[in-house]
Amino acid sequence: MATEIDFLREQNQRLNEDFRRYQMENFSKYSSVQKAVCQGEGDDTFETLVFDQSFLAPLITEYDKHLGELNGQLKYYQKQVGEMKLQLENVIKENERSELSRQKLHTQELLSQLEMANEKVVENEKLILEHREKANRLQRRLSQAEERAASASQQLSVITVQRRKAASLMNLENI
């Protein structure tokens with residue numbers, strides 16, 4: 001807001017300077033009343049200048065010219081801002097597309113890794129099942145072997161006892 005006020009003050013000062021320069025350049029064309037007003041004679045110099053149409057025409061012309069220039073600049077800058085806005089929107093959309101593409105690629109990589117991990121899990125589950133079956137078979141074979149060993153041990157004990165009895169009987173017969 002302060003910069004706008006400063007700008008307007010500078011514009012006012014510039015226009016006043018342009019107006020005074022114009023008055024001085026065309027001073028010989030003025031009537032004696034106008035010359036007196038330009039030189040500062042009289043009570044209401046400013047009011048006389050405002051109401052005297054011959055003084056206002058060049059000022060209005062200069063003001064209109066300057067206003068036209070400013071309007072041209074304003075339209076140019078508005079056009080530039082509009083174009084920049086469109087460019088910014090395009091860049092934002094492109095960034096969003098790039099980000100979506102990157103995320104999609106990353107998601108695909110993760111899905112691929114997940115599929116490989118699932119395949120390994122299935123493979124490992126099969127291996128675990130095979131090892132369990134093998135362990136169960138080995139356990140049954142071990143149990144059977146233990147049973148046979150126990151049976152053989154029992155038979156050996158019976159045989160040993162029978163041999164001892166036989167040996168004792170032979171010793172008794174020899175006596």
Atom CZ of residue position R9 - does it have more than 12 heavy atoms of other residues, nucleotides or ligands inside 6.0 Å? no
Residue pair R148 / Q144, side-chain heavy-atom distance below 4.5 Å: yes
Sub-4.5 Å side-chain heavy-atom contact between E10 and R14: no
CD-CG distance between E83 and L88, expressed to the nearest 0.5 angstrom: 13.5 Å
Is there a path from L8 to L70 through hydrophobic residues (I, L, V, M, F, W, Y) whose side chains come within less than 4.5 Å of each other? yes
Between Q78 and V81, is a side-chain contact (heavy atoms from CB on, under 4.5 Å) present by the stated rule, with each step listed? CA-CA 5 Å; Q78 285 174 337; V81 167; 5.7 Å; no
Kindly give the heavy-atom pair with the smallest separation between R21 and D18, and that separation in Å. NH2-OD1, 2.8 Å
Can a donor-acceptor pair be found, under 3.5 Å and without considering hydrogens, that links the side chain of S112 to the backbone of Q108? no
Would a distance-only check, ignoring hydrogens and angles, find a side-chain to backbone donor-acceptor pair under 3.5 Å from S98 to E94? yes
Pairwise distance CZ(R140) to CG(L142) - rounded to 0.5 angstrom: 12.0 Å
Distance check, rounded to the nearest 0.5 Å: E99 atom CD versus R97 atom CZ? 13.5 Å
How many angstroms lie between CD in Q113 and CD in E109, if you round to the nearest 0.5 Å? 7.0 Å
Rounded to the nearest 0.5 Å, what separation is found between the CG atom of L156 and the CZ atom of R163? 8.5 Å
Going by heavy atoms in the side chains, are K104 and L100 under 4.5 Å from each other? no
Salt bridge between K93 and E96, side-chain N to carboxylate O under 4.0 Å? no
Would you say Q73 and E69 are linked by a side-chain donor-acceptor pair, where the criterion is simply a distance under 3.5 Å? no
Between S151 and E147, does the side-chain contact (heavy atoms from CB on, under 4.5 Å) criterion hold? Intermediate values first, please. CA-CA 6 Å; S151 174; E147 287 174 9; over 6 Å; no
Value rounded to 0.5 Å, distance of CG in L110 from CG in L105: 9.5 Å
Full working for side-chain contact (heavy atoms from CB on, under 4.5 Å) between E133 and R137: CA-CA 6 Å; E133 289 174 1; R137 281 194 309 268; 4.0 Å; yes
Not counting sequence neighbours, which residues clear side-chain contact (heavy atoms from CB on, under 4.5 Å) with E123? List them please. none
